[in-house]
A.B. asks: 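Below you will find the structure I want to go over with you.
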Amino acid sequence: MRHVDYGEADRIVTLLTPERGLLKGFARAARKSKKRFGGALEPFNRIGVQWRSGRGDLCLLQNAELLDARAGLRTDLQSFALACYGVELVEMLLHEGQAHPEIYQLLYSFLDFLDRHGDPSVARILLELRLVQQLGYIPHLLHCSECFLVFGTQERVAFSTTRGGSLCQSCAGDEALIWLSLGTLGSLSRSLQAPVGLFEGFRFGKTTLQEGEKLLTSVLQKILPRPPKSLQFLQQTMSMANP
């Protein structure tokens, strides 16, 4: 997921594994040893690793085999920026040493989709939505979070992260809230019924993308300890792609 150079030749690496979740390792002489590590310890790579327990929180990486460099991510600036954001988002929301095989599959498929030059807008909304769902933060969408009224024919629905999600007009009152179309909430809800690693075949309209971004931004602002450092870079590349 990322690395930090240490000393003259060593490297501290953050990995995501299906069995152990986030794992941090110390790779001695990683920047010099082509035989043991080569170019495997770079962000977004799929690798096979041999390691052993070390002292403290760091395991000791003995060697790494590059399985897939996902080279397509490095040929498109927007895909690269979104990959940086996705990896940082997952790292910020997970705790070290806790297995999350579904989130591993989610990030794995997200990076593969971007590597194949899939639609970045689709990739982002599905990643964020499924990530908050997997972590138990998904708000109420198709019924009022306070009176549990199931929404019917109304066109607009109020939304408040602090109040649990969607709100009927009666419960919303005069408070300044996010207002979303019922169509957007329906699209987001239906997309959660698909397998967590499926990104192909999804199409979202302009309104759903815009309103979905507002909804998910409000959810993430509540649960993240700070804004992701890569978010500004992502926003800049998106504005360049959509002037």
A.B. asks: Output yes when a side-chain donor or acceptor of D68 lies under 3.5 Å from a complementary backbone atom of R46, and no otherwise.
C.D. replies: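 Looks like no, no N/O pair under 3.5 Å.
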
A.B. asks: For the residue pair S145 / S166, report whether a side-chain donor-acceptor contact shorter than 3.5 Å exists.
C.D. replies: no

A.B. asks: Do L220 and L89 touch side chain to side chain, with heavy atoms closer than 4.5 Å?
C.D. replies: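 In contact.
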
A.B. asks: Is a side-chain donor or acceptor of T75 paired with a backbone partner of G72 at a separation under 3.5 angstrom?
C.D. replies: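 Yes, T75 side chain to G72 backbone: donor-acceptor pair under 3.5 Å.
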
A.B. asks: Could you measure the distance from the OG atom of S160 to the NZ atom of K222? Nearest 0.5 Å is fine.
C.D. replies: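 S160 OG to K222 NZ: 8.0 Å, rounded to 0.5 Å.
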
A.B. asks: How long is the gap from CG on L141 to CZ on R190, to the nearest 0.5 Å?
C.D. replies: 11.5 Å

A.B. asks: For R203, look at atom CZ and say whether over 12 heavy atoms of other residues, nucleotides or ligands are found less than 6.0 Å away.
C.D. replies: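 Check fails, neighbour count at 12 or below.
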
A.B. asks: Please table the atom pairs, donor to acceptor, closer than 3.5 Å between any side-chain atom in residues 14-28 and protein atoms at least two apart or in another chain.
C.D. replies:
residue	atom	partner	partner atom	Å
T17	OG1	R20	N	3.0
T17	OG1	G21	N	3.3
T17	OG1	G21	O	3.2

A.B. asks: Run the salt-bridge test on K229 and E88 with the 4.0 Å N-O cut-off and return the result as yes or no.
C.D. replies: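 So K229 does not pair with E88 through a salt bridge.
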
A.B. asks: Please name the pair of heavy atoms, one in A172 and one in L177, separated by the smallest distance, quoted to 0.1 Å.
C.D. replies: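 Looking at all heavy atoms of both residues, the closest pair is CB-CD1, 3.7 Å.
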
A.B. asks: State whether the side chain of S218 and the backbone N or O of L215 hold a donor-acceptor pair below 3.5 Å, judged by distance alone.
C.D. replies: yes

A.B. asks: Quick check: closest heavy atoms across K214 and I178, and the distance to 0.1 Å?
C.D. replies: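 Heavy-atom minimum between the residues: O-CD1, 3.9 Å.
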
A.B. asks: Only pairs at least two apart or in different chains count here, so list each ring pair (Phe, Tyr, Trp, His ring centres under 6.0 Å) that has a residue in residues 181-234.
C.D. replies: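 Every pair satisfying ring pair (Phe, Tyr, Trp, His ring centres under 6.0 Å) with a residue in residues 181-234: F113-F199.
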
A.B. asks: If you compare all heavy atoms of G152 against all heavy atoms of L182, which two are closest, and at what distance to 0.1 Å?
C.D. replies: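 For G152 and L182, the tightest heavy-atom pair comes out as O-CD2, 3.2 Å.
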
A.B. asks: Taking it one step at a time, do M92 and R226 satisfy side-chain contact (heavy atoms from CB on, under 4.5 Å)?
C.D. replies: CA-CA 9 Å; M92 289 177 68; R226 58 169 177 79; 3.7 Å; yes

A.B. asks: Quiz question: by atom type and distance under 3.5 Å, do the side chains of T184 and S181 form a donor-acceptor pair?
C.D. replies: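 Yes, S181 and T184 have a side-chain donor paired with an acceptor closer than 3.5 Å.
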
A.B. asks: Take R116 and E200, measure what side-chain contact (heavy atoms from CB on, under 4.5 Å) needs, and give me the verdict at the end.
C.D. replies: CA-CA 10 Å; R116 298 190 298 269; E200 302 287 352; 2.8 Å; yes

A.B. asks: If you look at every heavy atom in C171 and C144, which pair is closest and at what distance?
C.D. replies: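 In terms of heavy atoms, the two residues are closest at SG-SG, 3.7 Å.
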
A.B. asks: Quick check for you: to the nearest 0.5 Å, what is the distance between L58 atom CG and W51 atom CH2?
C.D. replies: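 One finds 11.5 Å between CG of L58 and CH2 of W51.
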
A.B. asks: Determine, for Y85 and R124, whether the Lys NZ or Arg CZ falls below 6.0 Å from the six-membered ring centre while staying within 45 degrees of the axis.
C.D. replies: yes

A.B. asks: Is the count of non-hydrogen atoms from other residues, nucleotides or ligands lying under 6.0 Å from Q169 atom CD greater than 12?
C.D. replies: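 At most 12 heavy atoms, drawn from other residues, nucleotides or ligands, come within 6.0 Å of this atom.
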
A.B. asks: For the CD atom on Q232, are there more than 12 heavy atoms of other groups (residues, nucleotides or ligands in this structure) within a distance under 6.0 Å?
C.D. replies: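 No, not enclosed.
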
A.B. asks: In Å and rounded to the nearest 0.5 Å, what is the CG to CG distance from L106 to L126?
C.D. replies: 9.0 Å

A.B. asks: With a sphere of 6.0 Å drawn around CD of Q98, does it hold more than 12 non-hydrogen atoms of other residues, nucleotides or ligands?
C.D. replies: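 Yes - once you tally the heavy atoms of other residues, nucleotides and ligands closer than 6.0 Å, there are more than 12.
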
A.B. asks: What's the spacing between T162 OG1 and F159 CZ if we round to 0.5 Å?
C.D. replies: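 Atom-to-atom, T162:OG1 and F159:CZ are 9.5 Å apart.
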
A.B. asks: Within this structure, what is the CG-CG distance for the pair L41 and L61, rounded to the nearest 0.5 Å?
C.D. replies: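 Reported to 0.5 Å precision, the distance equals 6.5 Å.
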
A.B. asks: Restricting to non-hydrogen atoms, name the atom on D5 and the atom on H3 that form the minimum distance, rounded to 0.1 Å.
C.D. replies: OD1-ND1, 4.0 Å

A.B. asks: Are any of the side-chain nitrogens in D112 or R70 under 4.0 Å away from the carboxylate oxygens of its partner?
C.D. replies: yes

A.B. asks: Output yes when R11 and E42 qualify as a salt bridge under the 4.0 Å nitrogen-oxygen rule, no when they do not.
C.D. replies: yes

A.B. asks: What's the shortest heavy-atom distance between R36 and A29, and which atoms?
C.D. replies: NH2-CB, 3.9 Å

A.B. asks: Examine the side chains of T217 and Q221 and answer whether a donor and an acceptor come within less than 3.5 Å of each other.
C.D. replies: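 Side-chain D/A pair, T217 to Q221: absent.
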
